[in-house]
Q: 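Mind having a look at this structure? Questions to follow.
Remember, it's 1-based here, ligands and their atoms both numbered in the order they're listed.
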Amino acid sequence: MKIGIVLYPTFGGSGVVGTELGKALAAKGHQIHFITYSQPVRLGSFRENIYYHEVAVSDYPLFEYQPYETELTSKMVDVVKYEKLDLLHVHYAIPHASAAFMASRILKSQGIEIPFITTLHGTDITLVGKDPSFEPVITFCINESNAVTAVSESLKQSTYEHFDTNREIHVIPNFVISETQEDSEYKQLRCKYAAPHEKILCHVSNFRKVKRVDDVVHVFSKVRNEIPAKLILVGDGPERYNIERLCREYGHCDDIIFLGKVRDTSHVLEIADLFLLPSETESFGLAALEAMAVGVPVVSSNSGGIPEVNIHGETGYLSNVGDVDDMAKNALSILKDDQILDAFKKRAKERSKVFSLEKILPMYESLYKAVLPNKKV
Ligand code: GMT
């Protein structure tokens with residue numbers, strides 16, 4: 001099949017999932033055309049069956065706000081038409097689903113039928129999408145997509161709650177590609193960040209308010225008061241200055257390492273003992289799954305879809321949003337005893353296999369088949 005994938009090319013989970021999905025489909029022989037405004041960070045090097053179409057963003061002086069959606073739509077029309085695509089798969093509804101709808105109608109007027117699938121990822125529903133400034137458009141696009149998927153049962157329910165739709169939403173969870181070897185060279189880097197007797201806690205995010213990175217620091221401080229430990233923070237975003245200031249206020253600057261943005265976070269996770277994800281809301285928590293895949297247990301909030309990934313008492317623990325005392329208590333109960341820690345590590349890794357590429361990819365392929373019954377998939 002020839003599939004156009006539209007996504008945000010940045011470090012966010014939706015871009016990562018869309019890119020890895022495209023790469024996996026390309027490896028199976030599908031022709032994949034990524035359509036977005038810059039090269040997706042996880043795209044990697046030259047590979048068979050992968051094409052990238054950059055949406056040029058106009059800077060005409062009249063435009064205070066660039067008309068990205070219009071330019072994206074035109075690019076989609078162009079790529080569908082001249083690359084003879086069979087299907088468009090858009091990740092994150094805003095504005096990708098409405099651009100896909102518009103492109104499909106333009107193409108229809110030219111005698112070309114192109115179905116589009118919308119994958120809802122989280123904030124396009126739970127935070128931004130339900131805002132009245134987006135809601136009518138998102139509702140319309142959900143109803144007009146040829147198929148809709150959500151990355152968790154929780155996100156599916158939120159969609160029904162916040163939008164006027166009763167159409168079928170397929171839950172296709174996010175996946176992780178686990179390639180870690182026991183003797184990975186990155187594990188040797190552990191000694192550069194922590195002494196052998198210190199435990200390493202880790203957090204990866206885009207440092208937006210919704211991630212509650214300040215809670216990560218509060219939890220770490222409580223843990224640090226009880227056992228020797230280091231905290232590695234990966235990522236960057238609007239809250240970073242506040243978090244740096246908080247670390248200074250706690251006097252923990254020597255124990256907290258800010259790595260900034262890292263392209264392949266799995267290598268950092270390999271040296272961690274515990275992952276912290278105290279988010280206000282999280283449709284799935286791909287970062288937690290990526291930690292579990294390299295054998296790192298997770299102490300998290302119980303919001304949104306996280307409980308579908310992190311199993312309380314088995315792969316880590318869940319606490320109410322903001323309950324940093326409980327999170328610290330749970331973290332210590334895992335970290336204080338090496339036998340307990342090992343058991344959590346093993347179970348976390350085992351659990352991540354439920355979300356392996358091999359299990360999830362066929363779900364997308366059968367949906368493509370359902371949308372295009374006459375096409376060989
Ligand atoms: O978490 C973010 O702010 C980024 C966002 C995105 O669109 O990239 O993440 C969302 O999609 C991820 C992939 O499906 C999910 O794992 C995240 O849980 C979800 N984020 C939120 O719901 C806050």
Side-chain angles (χ1 to χ4, degrees), residues 5-22 36-38 40-42 89-97 117-131 134 138 148-159 161-162 169-177 203-213 215-216 233-240 261 263 265-266 269 275-293 298 300-310 318 321 352 354-355 357 360-361 363-364:
I5 294 187
V6 180
L7 43 68
Y8 282 106
T10 54
F11 285 86
S14 62
V16 168
V17 169
T19 310
E20 295 294 354
L21 174 64
T36 183
Y37 58 83
S38 81
V41 287
R42 286 279 186 101
H89 185 175
V90 304
H91 290 264
Y92 206 92
I94 308 165
H96 301 155
I117 293 178
T118 301
T119 289
L120 308 171
H121 276 274
T123 46
D124 46 352
I125 296 299
T126 56
L127 276 185
V128 195
K130 68 181 189 195
D131 187 277
F134 287 107
I138 302 305
V148 177
T149 80
V151 297
S152 64
E153 195 57 44
S154 152
L155 183 60
K156 174 179 168 173
Q157 293 315 325
S158 301
T159 309
E161 228 170 87
H162 299 300
I169 297 177
H170 306 264
V171 174
I172 303 187
N174 287 330
F175 58 87
V176 69
I177 301 166
H203 170 77
V204 180
S205 78
N206 50 26
F207 282 57
R208 295 203 194 114
K209 270 223 176 313
V210 66
K211 301 292 175 181
R212 296 184 70 103
V213 191
D215 282 0
V216 171
L233 293 171
V234 182
D236 210 330
E239 285 298 296
R240 176 145 172 193
K261 287 181 183 170
R263 205 168 276 266
T265 50
S266 68
L269 291 165
F275 189 78
L276 297 175
L277 190 68
S279 308
E280 182 81 37
T281 157
E282 200 71 65
S283 69
F284 182 89
L286 183 64
L289 176 61
E290 288 182 332
M292 288 161 60
V298 176
S300 65
S301 66
N302 55 11
S303 71
I306 302 179
E308 294 172 49
V309 182
N310 183 24
L318 302 161
V321 172
S352 74
V354 170
F355 304 96
L357 175 69
I360 307 300
L361 189 63
M363 296 186 187
Y364 279 114

Q: Identify, by atom number and element, the atoms of ligand 1 in contact range of Val151, meaning under 4.0 Å from any of its heavy atoms.
A: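 Near Val151, meaning under 4.0 Å from one of its heavy atoms, ligand 1 has 14 (O).
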Q: Using a 4.0 Å cutoff against the non-hydrogen atoms of Ser283, which atoms of ligand 1 qualify?
A: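 Selected atoms, number and element: 15 (C), 17 (C), 18 (O), 19 (C), 21 (C), 22 (O).
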Q: Measure from the side-chain N and O atoms of His89 to the backbone N and O of Ile117, and report whether any donor-acceptor pair falls under 3.5 Å.
A: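 No, because the side chain of His89 does not come within donor-acceptor range (under 3.5 Å) of the backbone of Ile117.
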Q: Checking a contact table here: which protein heavy atom is nearest atom 10 (C) of ligand 1, and how many Å away?
A: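 Nearest protein contact, heavy atoms only, for atom 10 (C) of ligand 1 is His121 O, 3.4 Å.
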Q: By number and element, which atoms of ligand 1 are closer than 4.0 Å to a non-hydrogen atom of Gly12?
A: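 Counting from 1, the qualifying ligand atoms are 8 (O).
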Q: Salt bridge between Lys209 and Glu280, side-chain N to carboxylate O under 4.0 Å?
A: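 Looking at Lys209 and Glu280, the cut-off is not met.
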Q: What residue and atom, counting heavy atoms only, is the protein's closest point to atom 21 (C) of ligand 1, and at what distance?
A: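 Ranked first by proximity to atom 21 (C) of ligand 1 is Glu282 OE2, 3.5 Å.
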Q: When you measure from atom 1 (O) of ligand 1 to every protein heavy atom, which one gives the shortest distance, and what is it?
A: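 Residue, atom and distance for the closest contact: Lys211 NZ, 2.7 Å.
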Q: Measure from the side-chain N and O atoms of Asp215 to the backbone N and O of Val213, and report whether any donor-acceptor pair falls under 3.5 Å.
A: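 No; zero donor-acceptor contacts below 3.5 Å.
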Q: May I ask you to check if ligand 1 and Phe284 share an N or O to N or O distance below 3.5 Å?
A: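 For ligand 1, there is an N or O atom that lies under 3.5 Å from one belonging to Phe284.
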Q: Check whether any side-chain N or O of Ser283 sits under 3.5 Å from a backbone N or O of His121 as a donor-acceptor pair, and report yes or no.
A: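 Looks like yes, one N/O pair under 3.5 Å.
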Q: Below 4.0 angstrom, N of the basic side chain to O of the carboxylate: do Glu308 and Lys156 qualify?
A: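 No, no charged N to carboxylate O under 4.0 Å.
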Q: Measuring from the heavy atoms of Thr126, does anything fall under 4.0 Å of ligand 1?
A: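 It does not, in that no heavy atom of Thr126 comes within the 4.0 Å cut-off of ligand 1.
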Q: If you measure from atom 16 (O) of ligand 1 to every heavy atom of Leu286, Leu289, Ile306, which option wins on shortest distance?
A: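 Considering heavy atoms of Leu286, Leu289, Ile306, the nearest to atom 16 (O) of ligand 1 sits in Leu286.
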Q: For Tyr92, which part has a heavy atom under 4.0 Å from ligand 1: side chain, backbone, both, or neither?
A: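 Contact part for Tyr92 vs ligand 1: side chain (C-beta onward).
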Q: Would you please classify the geometry between the Tyr8 ring and the Tyr92 ring as parallel, tilted or perpendicular, with 30° and 60° separating the classes?
A: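 Geometry flag for Tyr8 against Tyr92: perpendicular rings.
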Q: Does the pair Phe175 and Tyr364 meet the rule for a ring pair (Phe, Tyr, Trp, His ring centres under 6.0 Å), with working shown?
A: CA-CA 11 Å; Phe175 58 87; Tyr364 279 114; 7.2 Å; no
Q: How far is atom 2 (C) of ligand 1 from its nearest protein heavy atom, and which residue and atom is that?
A: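 It is Asn206 ND2, 3.3 Å.
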Q: Say whether, by atom type as modelled, one donor and one acceptor occur between the side chain of Ser301 and the main chain of Ser279 under 3.5 angstrom.
A: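 The answer is yes, because a donor-acceptor pair under 3.5 Å joins these two groups.
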Q: Below a 4.0 angstrom heavy-atom separation, can you tell me which part of Asn174, side chain or backbone, both or neither, approaches ligand 1?
A: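 The part of Asn174 near ligand 1 is the side chain, not the backbone.
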Q: Which residue supplies the protein heavy atom nearest to atom 23 (C) of ligand 1, what is that atom called, and how far is it?
A: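 Ranking protein heavy atoms by distance from atom 23 (C) of ligand 1, first comes Thr281 O, 3.4 Å.
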Q: Between the side chains of Thr119 and Thr149, is a donor N or O closer than 3.5 angstrom to an acceptor N or O?
A: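 Thr119 vs Thr149: donor-acceptor pair found between side chains.
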Q: By number and element, which atoms of ligand 1 are closer than 4.0 Å to a non-hydrogen atom of Gly122?
A: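 Counting atoms of ligand 1 from 1, those under 4.0 Å from Gly122 are 22 (O).
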Q: Would you indicate which of Ala93, Ser158, Ser14 comes nearest to atom 6 (C) of ligand 1 when only heavy atoms are counted?
A: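 That would be Ser14.
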Q: Give the residue and atom name of whichever protein heavy atom lies nearest to atom 12 (C) of ligand 1, and the separation in Å to one decimal.
A: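 Of every protein heavy atom, Gly13 CA, 3.9 Å lies nearest to atom 12 (C) of ligand 1.
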Q: Nearest 0.5 angstrom please: Leu155 CG to Thr126 OG1, how far?
A: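 So the CG of Leu155 and the OG1 of Thr126 are separated by 7.0 Å.
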